[in-house]
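These notes are about the structure you will find just below.
We name chains A, B, ... by the order of the sequence lines, and we start the count at 1 in each one. In what follows, every heavy atom counts, from backbone to side chain, and hydrogens, waters and symmetry copies are set aside.
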2 protein chains.
Amino acid sequence: MTNVSHILRKTGHRLTKQRQQILRALTCRPQSVEEIKSALLSQRIAIDTTTIYRTLDCLVKLGIVAKTRFNEHNAKYELLGKTHHHHLVCTTCSAVKDIPLDDDFLMKKVKKLTNFHVQSHTLEFFGLCKHCQ
Amino acid sequence: MTNVSHILRKTGHRLTKQRQQILRALTCRPQSVEEIKSALLSQRIAIDTTTIYRTLDCLVKLGIVAKTRFNEHNAKYELLGKTHHHHLVCTTCSAVKDIPLDDDFLMKKVKKLTNFHVQSHTLEFFGLCKHCQ
DNA sequence: TGACTTATTGCAACTGATTTGCAATAATTC
DNA sequence: GAATTATTGCAAATCAGTTGCAATAAGTCA
Ligand SMILES: [Mn+2]
Ligand SMILES: [Mn+2]
Ligand SMILES: [Zn+2]
Ligand SMILES: [Zn+2]
């Protein structure tokens, strides 16, 4: 957190009340803008949707947050935690579960097979969660 | 192609002129609805956007087409070819390249680690293509 | 072939997600 | 505290995708 505020300052951004609160609302689980907004509202913190979008865009650019689209119409955002991980997305109830997977294997293979310079990747599994199957 | 028309008929769908042409426009490379529409237009085939959406939805449900979202605002659709593969997406020029990768390894690991019933997955690599690095 | 049934099309209107413009506000700098 | 300027909130705009509906055409069957 203090780390994040440092990054913000260093890049000429300001650590506003809103940004602090949005950062606090972020989790390692992907959330939509509306989910973040109502999570904040339930704590009586009202922040405009536009501000949430702009803050998230900013955090994505700084590499603090990841933006992902599971095959839904809206994007989801999650705090980039320490450990790299992937997701299990339930096609029935939309629940998302983190799953750590060692994918060095694949990354090396891509590097060997192509001349593409990989910067990041996403790996999502779609199916039925324990509850829905 | 004849195979596809068979699937359509068998499921109570009709093989319209529009569907045939949309199917012809589909490639193994993911394309947006607008891209499909202008590809058709360049052959003087004018099909309404709504029709393209509805046709693609239908083909996705029948397992003939895959819908994917790279971190863009719009979805992309590609014909499900014979071989399972993944994508290299250039973050500069947006070019998409297919890459075949054996991921049985990962699938088995997920099955072993969780009680999630995996139906499908997407694996996308983002970075710089040969031309853009 | 020709009538019949009903899936599909095209167009217009609509919804939901995200973006943009701008004046008011507040975080940093000095 | 005053000055500078990034950020906010609100309204309006844009963009992707969906829905309703009357007109059309694909498939069926006599
Ligand atoms: Mn996660
Ligand atoms: Mn492909
Ligand atoms: Zn579920
Ligand atoms: Zn490129």
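The side chain of A:Asp48 lies closest to D:dG9, out of D:dG9, D:dG17, C:dT18. Of the candidates D:dA16, D:dA11, D:dA26, D:dA11 carries the atom nearest the A:Thr50 side chain, counting heavy atoms from C-beta on. For B:Arg14, whose side chain is taken as the heavy atoms from C-beta onward, the closest listed nucleotide among C:dT6, D:dG17, C:dA27 is C:dT6. When distances run from any side-chain atom of A:Arg9 to the nucleotides C:dT9, D:dG9, C:dT28, the shortest one goes to C:dT28. Of all nucleotides listed (D:dT8, D:dG17, D:dC15), D:dC15 comes nearest to the side chain of B:His73. Of the candidate nucleotides D:dC10, C:dT8, D:dA16, C:dT8 has the atom lying nearest to any side-chain atom of B:His13. Taking only side-chain atoms of A:Asp57, from C-beta outward, the nucleotide of D:dA16, C:dT19, D:dT8 with the closest atom is C:dT19.
Among the candidates B:Arg69, B:His87, B:Lys67, B:Glu35, the single residue satisfying the side-chain contact (heavy atoms from CB on, under 4.5 Å) test with B:Pro30 is B:His87.
In the model, B:His85 has no side-chain atom that pairs as donor or acceptor with a side-chain atom of B:Thr83 under 3.5 Å.
Within 4.0 Å of B:Arg19, counting heavy atoms only, lie sugar-phosphate atoms of the nucleic acid but no base atom.
The six-membered or imidazole ring of A:His86 lies near that of A:His121, with a centre-to-centre distance under 6.0 Å. Aromatic ring centres of B:Phe116 and A:Phe125: separated by at least 6.0 Å.
Judged by distance alone, with hydrogens and angles left aside, B:Arg54 brings a side-chain donor or acceptor within reach of the base of C:dG10, the pair sitting under 3.5 Å.
Phosphate contact (OP1/OP2 of C:dT19, side-chain N/O of A:Tyr53, threshold under 4.0 Å): absent. Phosphate contact (OP1/OP2 of D:dG9, side-chain N/O of A:Thr51, threshold under 4.0 Å): present. Applying the 4.0 Å criterion to OP1 and OP2 of D:dG17, one finds that B:Arg69 has a side-chain N or O inside that range. OP1 or OP2 of C:dA27 has not a single side-chain nitrogen or oxygen of A:Gln18 nearer than 4.0 Å.
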